Q: 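Starting off with a structure, shown below.
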Amino acid sequence: MKISERLRRVPVSGIRKMFDLAGSGSINLGLGEPDVPPPGEALIGMSEASSKGMNGYGPTPGIMPLREAVASRYREYGIRAENVMITPSGTSALMAITQSLVDAGDEALIPSPGFVVYGPHTALSSGKAVEYKLTENDFQPDIDDIQNKITKKTKVIFLNYPSNPTGSVLSEASFKAIRDITSEHSITVISDEVYEPFVYDDRHVSFISELDNSVIVNGFSKMMSVPGWRMGFIVANKDVIPDLTKMSYHMCACPGMPAQYGILNAMPSVDRYLDEVRTVYRKRRDLIASRINGIDGMSLNVPKGAFYAFPGFSFDITSDEFAMKLVENGLICVPGSAFGSYGEKHLRFSYAADEQKISTGMDILEKVANSIKR
């Protein structure tokens, strides 16, 4: 059996690779998996829906009550249910969008460092991924680099704020610059905003206000701490939703029914839940930032969003080598190179873990860092 060349060319995720290398007793700060309990209302709603027999196929774009509940969260932007589509995860939403927009030979601008799926999704759509740089320290889109890399073949640009892996949030100036450039060149913005609920010291700037030229990806996996439920959503121009629905059908037919009802049951109280969760993550963020910045040869601008720290280091070693040394000593993280060529000389740590694990992990990081020859 011969595997397709387009799949052969797609690398294995660097995140999963590090996870698979870890020993059973390792401290795992490599996987962005919320460890806080989901809202009780979500668990009750999912259980009741399943018990009542809501276990069959549902509508491809999701049940209407949930689409309406999502729309109500963004009513200030004029969003209605017809702008919303429920998806079987944020990742499948990104794939459906990329497959729907990118033709063979089209180019997609992807952030570097940036989340690991944008390039592979482009390749699997027979397009060409072109990395653009983020600025040093604050990790904003490098506007000059973007302008230099736009060609007649540029079809889409991926944005991800709050960012995985950097923890940065999009500035108002960056938003305006990207909006103007993409409008001028008729480039569609694919804005991955799944960490929108987790902004600590600033405010979230969303492309949801620009749906004539943008498609928004968000989700419930992080919002409600249910990554295993695989629940996401898309917000887009109502004229695009039927095409995205068609693509999503051929990928997964429909999102799971019990999970949708669980999410729906928790929507009225989710903001109160998120207030509590942000307090937990903010405390963890402050802990990991303090510990990292106390290590000679490492530096971190305190993340403003998501739940990732992306420190740089000055040691004469690659991020892969550094991450492997940490794995050998019982700490899982992800090398910066897994997030693109401009992620080198960084490591990504998730602070979606309790304070004891973070403290123990930082003890290991400090020990290994101090053992590396300067």
Side-chain angles (χ1 to χ4, degrees), residues 11-36 111-117 134 137 139 160 162-168 195 198 222 227 281 283-373:
V12 175
S13 164
I15 299 174
R16 286 289 171 178
K17 183 163 62 175
M18 296 306 299
F19 185 74
D20 292 342
L21 287 171
S24 59
S26 297
I27 300 295
N28 187 355
L29 301 183
L31 201 58
E33 183 173 32
D35 68 326
V36 295
S112 178
F115 188 49
V116 297
V117 302
L134 303 184
N137 299 321
F139 299 110
N160 175 213
S163 168
N164 175 9
T166 70
S168 55
Y195 293 96
F198 307 107
K222 306 299 192 295
Y281 285 152
K283 188 175 181 181
R284 295 173 178 182
R285 178 204 63 175
D286 293 344
L287 171 62
I288 200 168
S290 174
R291 289 296 307 272
I292 289 172
N293 282 324
I295 299 173
D296 188 27
M298 300 196 71
S299 62
L300 173 70
N301 277 13
V302 177
K304 293 182 178 181
F307 37 70
Y308 302 103
F310 198 64
F313 59 87
S314 59
F315 312 133
D316 187 17
I317 188 173
T318 67
S319 60
D320 278 329
E321 292 167 337
F322 198 168
M324 282 303 302
K325 284 181 176 291
L326 293 172
V327 168
E328 291 165 1
N329 283 269
L331 172 62
I332 309 170
C333 69
V334 185
S337 59
F339 303 98
S341 60
Y342 295 114
E344 186 51 80
K345 289 297 183 180
H346 291 81
L347 299 172
R348 191 199 77 172
F349 297 94
S350 166
Y351 50 88
D354 65 49
E355 292 178 43
Q356 181 59 55
K357 288 181 180 177
I358 292 171
S359 294
T360 302
M362 293 302 97
D363 289 342
I364 296 171
L365 175 62
E366 185 171 16
K367 173 186 172 183
V368 172
N370 290 336
S371 72
I372 299 173
K373 291 183 179 180

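These numbers come from the heavy atoms of this one structure, side chains and all, not from hydrogens, waters or symmetry mates. Model, not experiment: these values are computed from the prediction.
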Q: Phe322 vs Phe315, test: ring pair (Phe, Tyr, Trp, His ring centres under 6.0 Å). Steps then yes/no.
A: CA-CA 9 Å; Phe322 198 168; Phe315 312 133; 5.6 Å; yes
Q: Supply the atom-to-atom distance Ser299 OG to Ile292 CD1, rounded to the nearest 0.5 angstrom.
A: 9.5 Å
Q: Are the side chains of Pro113 and Thr166 in contact, using a 4.5 Å heavy-atom criterion?
A: yes
Q: Measure the CD1-CD1 distance between Ile317 and Ile372 for me, rounded to the nearest 0.5 Å.
A: 4.5 Å
Q: Check whether the ring centres of Phe339 and Phe115 lie less than 6.0 Å apart, and answer yes or no.
A: no
Q: Can you measure from CG (Leu300) to CD1 (Ile288) and round to the nearest 0.5 angstrom?
A: 8.0 Å
Q: Looking at every heavy atom in both His346 and Ser319, which two are closest together, and how far apart are they?
A: O-CB, 3.2 Å
Q: So Met362 and Leu29, do their side chains get closer than 4.5 Å, heavy atoms only?
A: yes
Q: I need the full list of side-chain hydrogen bond (donor to acceptor under 3.5 Å, both in side chains) pairs touching residues 325-336, with sequence neighbours left out, sorted by first then second residue.
A: none
Q: At their closest point, which heavy atom of Phe198 faces which heavy atom of Lys222, and how far apart are they?
A: CZ-O, 3.3 Å
Q: Measuring from Phe313:CZ to Leu365:CG, what's the distance to the nearest 0.5 Å?
A: 10.5 Å
Q: Might you point out which heavy atoms bring Pro34 and Ala352 nearest each other, and give the distance in Å?
A: CA-CB, 4.0 Å
Q: Atom CG of Asn28 and atom CG of Leu331: how far apart are they, to the nearest 0.5 Å?
A: 8.5 Å
Q: Quick one: are Ser359 and Leu287 in side-chain contact, heavy atoms under 4.5 Å?
A: yes
Q: Can you list every pair that meets salt bridge (charged side-chain N to carboxylate O under 4.0 Å, His left out) and has a residue in residues 355-370, with sequence neighbours left out?
A: Lys283-Glu355, Arg291-Asp363, Arg291-Glu366
Q: Under 6.0 Å between ring centres: does that hold for Phe310 and Phe349?
A: no
Q: Should the heavy atoms of other residues, nucleotides or ligands under 6.0 Å from NZ of Lys304 be counted, would the total exceed 12?
A: no
Q: So which heavy atom on Ala306 is nearest to which on Pro162, and how close?
A: N-CB, 3.7 Å
Q: Is the side chain of Arg284 donor-acceptor paired with the backbone N or O of Ala353 at a distance under 3.5 Å, no angle test?
A: yes
Q: Going by the salt bridge (charged side-chain N to carboxylate O under 4.0 Å, His left out) test, which pairs reach into residues 332-345, not counting sequence neighbours?
A: none
Q: Determine whether a donor-acceptor pair (N or O, by modelled atom type, separation under 3.5 Å) exists between the side chain of Arg285 and the backbone of Pro303.
A: yes
Q: What are the two closest heavy atoms between Ser337 and Asp320, and how far apart are they?
A: OG-OD1, 3.4 Å
Q: Please report the interatomic distance CD1(Ile332) to CD1(Ile27), rounded to the nearest 0.5 Å.
A: 9.0 Å
Q: Would you say the side chain of Tyr195 lies within less than 4.5 Å of the side chain of Asn164, judging by non-hydrogen atoms?
A: yes
Q: Okay, side chain of Arg348, backbone of Gly30: is any donor-acceptor separation there less than 3.5 Å?
A: yes
Q: So Tyr281 and Phe307, would you call those rings parallel, tilted or perpendicular, with 30° and 60° as cut-offs?
A: tilted
Q: Which heavy atom of Gly330 sits nearest a heavy atom of Ile364, and at what distance?
A: O-CD1, 3.8 Å
